[in-house]
*Asks:* 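Have a look at this one.
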Amino acid sequence: MIAARPLNALRRDRRALAGGLAIVVIITAAAIGPVVFGAQTIEMSEVVAERFLAPLARTPDGVLHFLGTDRFGRDLLARLLLGARVSLAVGVFAALASLSVGVVLGAVAGYTGGAVDRAIVAVTDAALAIPRVPFLLLLVALFQPGLPITVAALGLTGWMTVARLIRGEVRSVRTRPFVEAARALGVPPARVLARHVLPHALTPALVAAALGVGNAIMLEAGLSFLGLGVQPPTPSWGNMIAAGRDSLVLAPWVALAPALAVAIVVTAFNLLADALESAIAGEGSRD
Amino acid sequence: MRASLLKRLLIAMPTVLLVLTVTFVGLHLAPGDPVRLYLGPTADVATAEATRHALGLDRPLVVQYAAWLARFVTGDWGTSIAQHRPVTRVLGDALGPTLLLTGLSLLASYALGILLGAVQAARRRSRLDAAITAVTTALYALPSYVLALALVLVFAYGAVLWNWPAVLRFPAIGAESVGAEFLDPGARLADRVRHLALPVLTLVVVGAAGTARFVRGSMVEALRQPFVRAARAKGLAERVVVLRHALRNALVPVIVLIGLQLPALFSGVVFVETIFAWPGMGRVTVQAVLGRDYPVVMAATAVFATLVVLGNLLADGAAALVDPRVRGET
């Protein structure tokens, strides 16, 4: 895993600080926001008087709406934070799914070599040539659009980079003396791979995982934007952008608030991934 | 050279076959009955069964697969269930607009990305470098559908609202104005260019940001090499060192990168075409998916995969042209 020195480099890296801070703030807000706002996210009261209120506007009875309201008079900030739970959960679980598939395939390919390796590499290369969004559309539309299928589809289409990285690492770790020693002691191959080889090969997959979370959040929002991801009334950033598109001219903030949220979170994960990559390469933030 | 390209073409075939197989199996395992969609909910059972038989959907999956594959390879892609037109014609109409959109975007985003990345690497750790990095990092994380909506808001709506000159007002829908076929060729071309502006700009901004990030890394690496120090020691002008010695070497991985960027470009095109109502492959795919138009979805996915494979081959060929070392390898 990460040694002490890269960890120190990571701590001094401004990109890691900015990205990490943004992620912590958003996770905290997503955790406590819906509790604070309570029923405001679904409640529709005086629709005509309270819809499309501009950011920082007050309703006739004096309730402040920090980011304004949508076409049903629902508080945007409250829905944004509830949607953050969905978006973050989809991102993390999808990245974990791709990570697991990628690690297993990459490790098996790298460790066994031969025909198995060639087959896995061929499938990986073929999968890389498939444009992700058209294929995702296909997968999601095959079944009822919804949360589980979105996570599964994102996981199934994002494992290739991880598999390639892990395969490369495993191939180089496999030849090290301590692996040979473990094999000579009669440790079963699966155990050698899991306990002795993999822990040394996982580090680069961290970068891919961080990038994967950002990517998955962006794609989930895209699918929901097309109406093929998370379905209303469950708020997700994607279907909030899609709903705001109808009132883009009348009330641009309805679409812009979730759009900015997606951009900020994805940037945060990308920054974290950049910092991780430099830290692992031992370059710090010099580059 | 020619033999290696042919070999690569053979290696690429299974990719397309894999896509076709996965698509076929997936589509037929999924819930949702195309016959019902074709006939509507009022049709009686007998008619539904007759149609199912007529469309061949009652045969075993393996038989359907073999028959479909044989027909697909020979260019018979069936009839669109939703449009009642041959799939080849549906996709043929859509392929041109998509190739126009993606081709222009790819060229422009590469030119811009290489320029930005090279400038950044040459002025590494300067304020300009930091500023461009900040901008490209932010734009790289900006989803294409968000950027597209923002551009519509500014250039289609805001431009009118704020009384911008007509040159800065761009149409946000379609590939041509209504009645464009009655314009004379020059005006029609101008109309087409104006309709291209916003979709291309969206794809270029996102693509160039990614390319610039990659080119910067590749250039920084190249500038560290001994041959660059040798060139400088010879007393060559810095411009020549950067452009002739470093950039040429840094470009090889950048050209190969096309292979990884094409899938991303075709993903972006789905959103961009949907938002701008551009009559291309992406929009056709989304509509076919929403309407469970099986033949169109399968063919569209295959065409996308084939385009990526062909793009990869072109990129490999270009890399071999630029770098003699690549020629012997494969």
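Everything quoted here is computed from the prediction, not taken from an experiment. Just so it is clear: chains get the letters A, B, ... in the order the sequence lines come, proteins before strands, and each one is counted from 1.
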*Asks:* Using a 4.5 angstrom heavy-atom cutoff, name the option from B:Ile275, B:Val286, B:Leu265, B:Leu147 with the most pairs to chain A.
*Replies:* B:Ile275
*Asks:* When only pairs under 4.5 Å are counted, which of B:Thr285, B:Thr137, B:Leu149, B:Val152 shares the most heavy-atom pairs with chain A?
*Replies:* B:Leu149
*Asks:* Sort B:Leu139 into side chain, backbone, both or neither according to what part of it lies under 4.5 angstrom from a heavy atom of chain A.
*Replies:* neither
*Asks:* Using a cut-off of 6.0 Å, state whether more than 12 heavy atoms not belonging to B:Arg169 lie near its atom CZ.
*Replies:* yes
*Asks:* Between A:Glu220 and A:Ser87, is there a donor-acceptor pair closer than 3.5 Å when you use the side chain of the first and the backbone of the second?
*Replies:*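 Judged by distance alone, no pair lies under 3.5 Å.
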*Asks:* Among A:Ala255, A:Pro258, A:Ala221, A:Gly214, who wins on heavy-atom pairs under 4.5 Å with chain B?
*Replies:* A:Ala221
*Asks:* Can you classify the ring geometry of B:Phe304 versus B:Phe266 as parallel (below 30°), tilted (30 to 60°) or perpendicular (above 60°)?
*Replies:*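 Rings of B:Phe304 and B:Phe266: tilted, as their planes differ by 30° to 60°.
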*Asks:* Go through the steps to decide whether B:Thr21 and B:Tyr65 satisfy the test side chain to side chain donor-acceptor pair (under 3.5 Å), and finish with yes or no.
*Replies:* CA-CA 8 Å; B:Thr21 310; B:Tyr65 175 68; 2.7 Å; yes
*Asks:* Within a reach of under 6.0 Å around CZ of A:Phe93, are more than 12 heavy atoms found that belong to other residues, nucleotides or ligands?
*Replies:*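 Atom CZ in A:Phe93 is not crowded, with 12 or fewer foreign heavy atoms closer than 6.0 Å.
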*Asks:* Minimum heavy-atom separation for A:Leu80 and A:Ala261, please, with both atom names.
*Replies:*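 It is CD1-CB, 4.2 Å.
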*Asks:* Is it the case that the side chain of A:Thr234 and the backbone of A:Val230 share a donor-acceptor pair, with hydrogens and angles ignored and the cut-off at 3.5 Å?
*Replies:*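 Checked: no pair found.
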*Asks:* Is it the backbone or the side chain of A:Leu260 that comes under 4.5 Å from a heavy atom of chain B, or both, or neither?
*Replies:* neither
*Asks:* Could you have a look at B:Val146, B:Asp129, B:Leu142 and say which one has the most heavy-atom pairs with chain A under 4.5 angstrom?
*Replies:*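 Maximum pair count with chain A is reached by B:Val146.
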*Asks:* For the residue pair A:Arg15 and A:Ser278, what are the closest heavy atoms and their distance?
*Replies:*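 Between these two residues, the closest heavy atoms are NH2-OG, 2.9 Å.
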*Asks:* Given that the side chain runs from C-beta out, which part of A:Ala122 has a heavy atom under 4.5 Å from chain B: side chain, backbone, both or neither?
*Replies:* neither
*Asks:* Determine which residues belonging to residues 151-166 of chain A lie within contact range of chain B, meaning some heavy atom pair is under 4.5 Å apart, and list them by number or answer 'none'.
*Replies:*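 Near chain B, by residue number: none.
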*Asks:* Any side-chain donor-acceptor pair under 3.5 Å between B:Arg213 and B:Thr133?
*Replies:* no
*Asks:* Less than 4.5 Å to any heavy atom of chain A: does that hold for the side chain of B:Thr301, its backbone, both, or neither?
*Replies:* side chain
*Asks:* Considering only heavy atoms, which portion of A:Asn215 lies under 4.5 Å from any heavy atom of chain B: side chain, backbone, both, or neither?
*Replies:*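 Neither part.
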*Asks:* Looking only at non-hydrogen atoms, find the nearest pair between B:Leu262 and B:Gly311 and report the distance.
*Replies:*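 The answer is CD1-CA, 3.4 Å.
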*Asks:* Within the 3.5 Å criterion, strictly below it, is a donor on B:Tyr140 or A:Thr267 matched to an acceptor on the partner's side chain?
*Replies:*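 No, no side-chain donor-acceptor pair sits under 3.5 Å.
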*Asks:* Quick one: of A:Gly244, A:Ala263, A:Ala259, A:Pro134, who has the most non-hydrogen atom pairs under 4.5 Å with chain B?
*Replies:* A:Pro134
